[in-house]
Amino acid sequence: MAARFVADPLSDRPQIEIDGFAILYHRPSGMTHVVASPVPEMLAALAGDPADVGQIVTRLAAEHDLAGEGALEAIVAARLEELEAAGLVRRA
């Protein structure tokens, strides 16, 4: 079975957008993170709703005009590793 990930609800990580970056405060850890697309979109897609890589790509495609979904899975998988290491997502 593919690994599933989940992010904290949006209320636990308020964010603001500045010059193409999102600055988010992760309340559970007390840390502030500066991220760029596709991270804010991925976190929104995972907020309280676990998903594997394929499901995340499907959710993102439903909200955004995406091309090359095969390549997107590799990008999403790489970002998930980084987000897990930063404590912004966890395995469900």
| said: Quick one, Arg13 and Pro28 - any side-chain contact, counting heavy atoms below 4.5 Å? | reply: no
Q. Would you call Leu60 and Thr58 a side-chain contact if the rule is heavy atoms closer than 4.5 Å?
A. no
(message) How about CD on Glu17, more than 12 heavy atoms from neighbouring residues, nucleotides or ligands closer than 6.0 Å, or not?
(response) yes
Here the gap from Arg91 atom CZ to Leu80 atom CG, rounded to the nearest 0.5 Å, amounts to 8.5 Å
- Ignoring hydrogens and angles, tell me if any N or O in the side chain of Arg4 forms a donor-acceptor pair with the backbone of Pro50 under 3.5 Å. yes
Minimal heavy-atom distance between His26 and Gly87, with the atoms involved, is CE1-O, 3.4 Å
Tested for side chain to side chain contact (heavy atoms under 4.5 Å, CB included) against Leu24, the lone hit among Val34, Asp12, Thr32, Leu43 is Leu43
Value for NE2 (His33) from CG (Leu83), rounded to nearest 0.5 Å, stands at 9.0 Å
So, Arg79 side chain and Met42 main chain: donor-acceptor pair closer than 3.5 Å or not? no
- Counting only N and O atoms by type, is there a donor-acceptor contact under 3.5 Å from the side chain of Glu84 to the main-chain atoms of Glu81? no
Shared ILVMFWY cluster between Leu46 and Leu72, side chains joined below 4.5 angstrom?
yes
* Asked: Do Ile75 and Val57 belong together in a cluster built from hydrophobic side chains that touch within less than 4.5 Å?
  -> yes
Residues Ala36 and Pro40: closest non-hydrogen pair is O-CD, 3.3 Å
Find out if a path of hydrophobic residues (ILVMFWY) with successive side-chain heavy-atom gaps under 4.5 Å connects Tyr25 to Leu10.
no
Residues passing the salt bridge (Lys or Arg N to Asp or Glu O under 4.0 Å) test with Asp8, sequence neighbours excluded, are Arg90
Exercise. Taking the side chain as C-beta and beyond, is there a heavy-atom pair between Asp49 and Arg59 under 4.5 Å?
Worked result: yes
